[in-house]
Amino acid sequence: MIRILPHIRRIKRAQKRSIISLEKNPENPETIASDDFLQDLELTLTTMGVSEIGYATVSEDEIFQQKGILYTNAIVITAPMDREKIDTAPSLDSSDTSFASYAMLGEIVNQVAGFLRTNGFGAQADPALGGKVSFPNLAEKAKIGVRGRHGLLISPANGPCQRIAAIYTSITNLPVSSENPHAWIRDFCKTCGECARNCPGDAIDRGTDPGSEIRRPFLDAKKCHPYFEDRHGCGVCIRVCPFHIQGYERIRAMVKER
Ligand code: SF4
Ligand code: SF4
């Protein structure tokens, strides 16, 4: 616990800053960003350590109860966790990297919100822990990846080994993509089930659910949370996921060969 305390302090600072800084939003924010500005923004995010960037529009029913967002245009970002530490999950090391990524993303979204405001845009940072929407859903909507059976985002850069955060902005011309090139992951998950077989909380459905609507994700959060919270983290479902062990590209090549 002592090891993760510094990360928790950073996370709380980021959450507080995301609220306090809202008063700095311009009264009449700009709504259109040039291509050059968006390219600069992506470059800045990459130099900050962000792995992947996507864009989505948030609908009202996606916002958690008693939470609110100022703008429905979302910039969604991911940051990796330390692979070697996740390989020891459940452990202090795996919790350490998980909270470190939450903390890092919290700081990044606040910096980006500040950068957007400096350039005349409205912005609201949504740090990675205690978000206003389901980040895996939002990242899937932003076409960064797809939610796996374990409920986590699986993406090319990090497989499931990452955390997610968002910045909501007044920019209305974000380059939102229409197709999700990672949709095939859903079929792979139906036949894999490795996370379900290894989940210590028995929180992930083992069925393939043939012939009916795909129930995604297969995760029962009520069973996961007690186990997760008792140990200040878990991560077994990340450690055993083939997208973590072998990587996205190798799994995709294997699926194509079938
Ligand atoms: S975090 Fe642990 S308890 Fe929760 S779903 Fe994953 S493996 Fe199961
Ligand atoms: S372990 Fe298998 S079933 Fe679970 S999310 Fe990863 S690929 Fe999907």
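Whatever order the structure lists ligands and atoms in, that order sets their numbers, starting from 1.
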Atom indices of ligand 2 within 4.0 angstrom of F188 heavy atoms, with elements | 7 (S)
Do you see a donor-acceptor pair shorter than 3.5 Å between the side chains of Y168 and D126?
-> yes
Can you tell me which residue and heavy atom of the protein come closest to atom 6 (Fe) of ligand 1, and the distance to 0.1 Å?
-> C237 SG, 2.4 Å
Do other residues, nucleotides or ligands put more than 12 heavy atoms under 6.0 Å from the NZ atom of K67?
-> yes
I204 neighbourhood, listing ligand 1 atoms whose heavy-atom distance to it stays under 4.0 Å = 5 (S)
Where does I238 meet ligand 1, judged by heavy-atom distances below 4.0 Å: at the side chain, the backbone, both, or neither?
-> neither
Should the pair R10-E107 be classified as a salt bridge under the 4.0 Å nitrogen-to-oxygen rule?
-> yes
Distance only, no hydrogens: is a donor on one side chain within 3.5 Å (strictly under) of an acceptor on the other, for H244 and D87?
-> yes
Using a distance-only test with no angle check, is there a side-chain donor-acceptor pair under 3.5 angstrom linking S98 and R163?
-> yes
Would you mind running through ligand 1 and noting each atom that sits below 4.0 Å from a heavy atom of V236?
-> 7 (S)
Among protein heavy atoms, which lies nearest atom 3 (S) of ligand 2, and at what distance?
-> G193 N, 3.2 Å
Within the side chain of S155, is there an N or O that forms a donor-acceptor pair under 3.5 Å with the backbone of G145?
-> no
Ligand-side contact atoms (ligand 2) for residue partner C241, heavy atom cut-off under 4.0 Å | 1 (S), 6 (Fe), 7 (S)
Below 4.0 angstrom from a heavy atom of P200, which ligand 1 atoms are there? Numbered from 1 as shown, please.
-> 7 (S)
Are there more than 12 heavy atoms of other residues, nucleotides or ligands under 6.0 Å from atom CD of E249?
-> yes
Tell me which part of N198 gets within contact of ligand 1: side chain, backbone, both or neither, using heavy atoms under 4.0 Å.
-> neither
With a cut-off of 2.8 Å, does any N, O or S atom of C192 fall short of it relative to atom 2 (Fe) of ligand 2?
-> yes
Side-chain (R149) to main-chain (C192) donor-acceptor, under 3.5 angstrom | no
Under 4.0 Å from a heavy atom of R149: give me the atoms of ligand 2 that qualify, with their elements.
-> 3 (S), 4 (Fe), 5 (S), 8 (Fe)
Return yes if a side-chain donor-acceptor contact under 3.5 Å exists between S59 and E62, otherwise no.
-> yes
Please determine, by modelled atom types, if T172 and N73 share a side-chain donor-acceptor pair under 3.5 angstrom.
-> no
Under 3.5 Å: donor-acceptor pair, side chain of T97, backbone of D93 = no
Which of the atoms in ligand 2, numbered in the order shown and given with their element, are less than 4.0 Å from a heavy-atom of H150?
-> 5 (S), 6 (Fe)
Heavy atom of the protein closest to atom 8 (Fe) of ligand 2 (residue, atom name, distance) | C189 SG, 2.3 Å
Atoms of ligand 2, numbered as shown, that sit under 4.0 Å from any heavy atom of P242 = 1 (S), 2 (Fe), 6 (Fe), 7 (S)
among protein heavy atoms, the one nearest atom 4 (Fe) of ligand 2 is C195 SG, 2.3 Å
Can you list the atoms of ligand 1 that are under 4.0 Å from a heavy atom of L219?
-> 5 (S)
Any N, O or S atom of C234 closer than 2.8 Å to atom 4 (Fe) of ligand 1 | no
Ligand-residue contact atoms, ligand 2 with F243, heavy atoms, under 4.0 Å | 7 (S)
